Amino acid sequence: MIMEGDFSPHRLTDPTQSGSAVPGGLCWVSVLSCLLLACSYVGSLYVWKSELPRDHPTVIKRRFTSVLVVSGLSPLFVWAWRELTATSASLLALMGIRLEGIVPAIVFPLLLTMVLFLGPLMQLAIDCPWTFTDGVKVALDPCFWSLCVSDMRWLRNQVVAPLTEELVFRACMLPMLVPCAGPATAIFTCPLFFGVAHFHHVIELLRFRQGTLAGIFLSAAFQFSYTAVFGAYTAFIFLRTGQQVPFPFMSLALSKN
């Protein structure tokens with residue numbers, strides 16, 4: 001049985017290290033909780049009725065509010081599951097929020113992700129008119145970051161979406177799925193919730209007639225496949241490092257560039 005202060009990254013990969021065996025009935029509770037989390041996350045985007053497109057600043061700000069509320073409440077599902085299963089690990093430890101081992105958990109997986117995206121990164125470097133020195137100067141320029149922060153779409157794509165998606169779909173779902181299904185099954189099951197959640201984009205594409213019906217569903221199918229595969233990758237890294245912050249968030253933000 002894992003002790004309260006033990007933050008070993010292997011606490012999730014071995015069901016016997018989670019504190020106690022999980023009854024079969026509670027496994028259904030875990031799956032239904034994950035489904036409810038996914039539905040709540042997507043549903044929160046549509047509680048605001050508006051005729052404006054999703055990229056309008058007003059729509060983005062409203063969705064920020066609702067999705068942050070859902071994300072803030074999502075750890076309650078893990079807490080309830082922890083109480084039902086009498087798991088001795090702390091809530092923060094289960095969710096991968098800790099400082100121990102944070103440096104290697106940043107450096108090595110991030111390098112691996114850069115290798116994964118080596119092609120697009122090289123293409124970006126070739127097409128970019130700046131020299132390396134110019135790029136460093138821009139990155140250190142406070143005005144550049146001020147413009148980024150003032151851009152609602154940039155905040156959504158690079159900060160809010162990666163942060164809330166990783167919190168809900170990885171940090172809160174994996175601790176409930178791994179003891180029931182095992183690490184391998186959980187790694188490939190958890191991203192299915194993440195991938196299906198992205199199908200909501202079809203609603204707006206159809207609503208504003210942004211393409212043909214076949215094209216819209218083909219695009220949605222591709223996005224589901226991509227997000228499911230990348231979700232499995234970040235889930236694997238999460239289980240291997242025991243860290244939710246900051247790598248999965250950084251890697252998802254990188255993938256959205």
Side-chain angles (χ1 to χ4, degrees), residues 45 52-61 63-64 67 103-166 169-170 191 194-195 197-238 241 243 245-257:
L45 302 175
L52 300 172
R54 66 186 294 266
D55 287 335
H56 193 281
T58 301
V59 175
I60 294 177
K61 290 177 183 178
R63 289 184 170 185
F64 278 0
V67 83
V103 174
I106 293 175
V107 176
F108 295 115
L110 190 58
L111 289 175
L112 181 61
T113 305
M114 292 178 68
V115 172
L116 180 65
F117 287 93
L118 187 59
L121 288 174
M122 288 299 297
Q123 186 64 47
L124 182 63
I126 293 173
D127 295 339
C128 183
W130 299 340
T131 63
F132 177 77
T133 304
D134 293 334
V136 172
K137 289 180 180 179
V138 171
L140 298 177
D141 187 358
C143 293
F144 168 76
W145 293 107
S146 177
L147 288 174
C148 290
V149 173
S150 62
D151 185 348
M152 289 295 102
R153 288 183 299 178
W154 186 89
L155 278 177
R156 178 191 64 194
N157 295 337
Q158 308 302 325
V159 180
V160 177
L163 181 63
T164 56
E165 287 176 358
E166 289 303 316
F169 291 94
R170 237 74 68 191
F194 184 54
H198 282 75
F199 266 104
H200 76 93
H201 292 304
V202 173
I203 298 174
E204 294 202 19
L205 292 175
L206 292 174
R207 179 184 172 190
F208 292 99
R209 299 178 181 177
Q210 298 178 357
T212 63
L213 184 63
I216 289 174
F217 279 97
L218 184 62
S219 175
F222 175 79
Q223 188 175 31
F224 167 78
S225 302
Y226 172 79
T227 52
V229 170
F230 193 79
Y233 168 69
T234 56
F236 170 77
I237 296 296
F238 171 53
T241 63
Q243 288 276 3
V245 180
F247 165 70
F249 161 71
M250 295 172 65
S251 63
L252 187 57
L254 176 64
S255 72
K256 288 178 179 289
N257 277 327

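All residue numbers in this chain count up from 1 along the given sequence. Bear in mind that the values here come from a model prediction, so they are computed numbers and not experimental data.
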- Task: Just do the side-chain contact (heavy atoms from CB on, under 4.5 Å) check on D55 and R156 with the steps written out, would you?
- Result: CA-CA 10 Å; D55 287 335; R156 178 191 64 194; 2.8 Å; yes

- Query: Can you name the residues that form a ring pair (Phe, Tyr, Trp, His ring centres under 6.0 Å) with F64, not counting sequence neighbours?
  - Reply: none

- Note on the structure: By side chain to side chain contact (heavy atoms under 4.5 Å, CB included), V229 pairs with (sequence neighbours left out) none

- Message: Holding to side chain to side chain contact (heavy atoms under 4.5 Å, CB included), I want the full list of residues that pass it with T58, two or more places apart in sequence or in another chain.
- Response: L52, H56, R62

- Considering residues at least two apart in sequence or located in another chain, which fulfil the salt bridge (charged side-chain N to carboxylate O under 4.0 Å, His left out) criterion with R54? none

- Passes side-chain contact (heavy atoms from CB on, under 4.5 Å), F169 versus T164? Steps please. CA-CA 8 Å; F169 291 94; T164 56; over 6 Å; no

Testing the basics here: between [X] and [Y], what is the closest heavy-atom pair and its distance to 0.1 Å?
| X | Y | answer |
| --- | --- | --- |
| R170 | G231 | NH1-CA, 3.6 Å |
| L155 | V149 | CD1-O, 3.0 Å |
| I237 | P109 | CG2-CB, 3.8 Å |
| A228 | P191 | O-CB, 3.1 Å |

- So the side chain to side chain donor-acceptor pair (under 3.5 Å) pairs with at least one residue in residues 133-145 (sequence neighbours excluded) are T131-D134

- Query: Can you pull the side chain to side chain donor-acceptor pair (under 3.5 Å) pairs that have at least one residue in residues 115-125, sequence neighbours excluded?
  - Reply: Q123-D127

- Task: Could you tell me whether F230 and Y233 have their ring centroids closer than 6.0 angstrom?
- Result: yes

- Polar side-chain atom of S146 near backbone of P142 as donor-acceptor pair, under 3.5 Å: no

- Item | S219 (side chain) donor-acceptor with G215 (main chain) under 3.5 angstrom | no

- Query: What do you reckon, is CZ of F108 surrounded by more than 12 foreign heavy atoms closer than 6.0 Å?
  - Reply: no

